[in-house]
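Okay, structure first, notes after.
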Amino acid sequence: KMASQVTKKDLLFLYRRLLRSCETYPSKNRARIYQSIREDFRENKNLDPSAEETRKQIHVAFKGLEQLHQFDGRKMANFTVQLEQNPFRKPDNYEDK
């Protein structure tokens, strides 16, 4: 949904997703980040979701959610690294023994 169409129900869903994602965020500051999310939403709970300033804050919240999802276990499951067995080429005059 676009920010201009966000309802209070959508914001509650965003809030819950942010908190859940924060729970698995690998940082020593996780508790502080979690508390900051809670405080920000409480402070802004009565704002009009269609107001310009609110839409900017919603955009920032979605960006934060994207950042948290970088460390989400479900996203990491699709991540693989493949290395060559020997990334260095053998010299032309090399003989296996």
Side-chain angles (χ1 to χ4, degrees):
K1 285 186 174 184
M2 295 190 53
S4 61
Q5 301 169 340
V6 173
T7 65
K8 294 236 182 208
K9 184 178 177 181
D10 295 327
L11 292 177
L12 183 59
F13 181 74
L14 173 61
Y15 172 71
R16 288 179 180 150
R17 286 182 62 195
L18 280 164
L19 292 179
R20 283 188 193 120
S21 295
C22 187
E23 288 173 352
T24 59
Y25 186 66
S27 171
K28 63 182 181 178
N29 297 321
R30 179 178 39 227
R32 187 174 54 91
I33 295 167
Y34 188 91
Q35 189 60 33
S36 176
I37 292 168
R38 293 184 71 197
E39 288 172 3
D40 286 348
F41 271 81
R42 280 197 181 125
E43 288 172 10
N44 297 307
K45 70 180 180 181
N46 295 320
L47 295 179
D48 177 11
S50 62
E52 182 63 30
E53 186 61 32
T54 305
R55 287 188 290 185
K56 287 179 185 177
Q57 290 177 330
I58 292 168
H59 180 72
V60 169
F62 275 109
K63 287 288 186 188
L65 185 60
E66 286 177 18
Q67 291 174 345
L68 289 171
H69 276 191
Q70 290 177 358
F71 300 96
D72 190 316
R74 292 168 293 178
K75 289 263 186 189
M76 296 296 279
N78 295 329
F79 180 74
T80 60
V81 175
Q82 295 180 347
L83 298 175
E84 296 178 38
Q85 292 299 317
N86 185 356
F88 300 104
R89 221 178 115 223
K90 293 180 183 177
D92 292 333
N93 61 353
Y94 181 82
E95 295 179 21
D96 284 326
K97 294 183 181 183

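Because the structure is predicted, anything quoted here is derived from the model rather than measured.
- Listed here is the closest heavy atom pair of Ser21 and Leu68: CB-CB, 3.8 Å.
- The shortest non-hydrogen separation linking Lys8 to Leu47 is NZ-O, 3.7 Å.
- Taking a 6.0 Å sphere around NZ of Lys9, one finds it holds 12 or fewer heavy atoms contributed by other residues, nucleotides or ligands.
- Contact of the Gln35 side chain with the Arg32 side chain is not registered, since no non-hydrogen atoms from C-beta on lie closer than 4.5 Å.
- By the 4.5 Å heavy-atom criterion applied to side chains, Leu19 and Ile37 are counted as neighbours.
- Residues that satisfy the side chain to side chain contact (heavy atoms under 4.5 Å, CB included) test with Asp48, not counting sequence neighbours, are Ser50, Ala51.
- With values rounded to the nearest 0.5 angstrom, Gln70 atom CD is found 11.0 Å from Leu65 atom CG.
- Minimum heavy-atom separation, Tyr15 to Arg38: OH-CG, 3.5 Å.
- A distance of 4.5 Å separates CZ in Phe41 from CG in Leu14, rounded to the nearest 0.5 Å.
- Taken together through direct or relayed side-chain contacts under 4.5 Å among Ile, Leu, Val, Met, Phe, Trp and Tyr, Leu12 and Ile58 form part of one hydrophobic cluster.
- Checked for salt-bridge contact, Glu23 and Arg20 miss the test: no charged N lies under 4.0 Å from a carboxylate O.
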### Task
Evaluate the salt bridge (charged side-chain N to carboxylate O under 4.0 Å, His left out) criterion for residues Glu52 and Arg55: first the C-alpha distance (whole Å), next the side-chain angles of each, then the deciding distance (0.1 Å), finally the verdict.
CA-CA 5 Å; Glu52 182 63 30; Arg55 287 188 290 185; 2.6 Å; yes

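- Contact record, Ile33 with Cys22: CG2-SG, 3.7 Å, taken as the closest heavy-atom pair.
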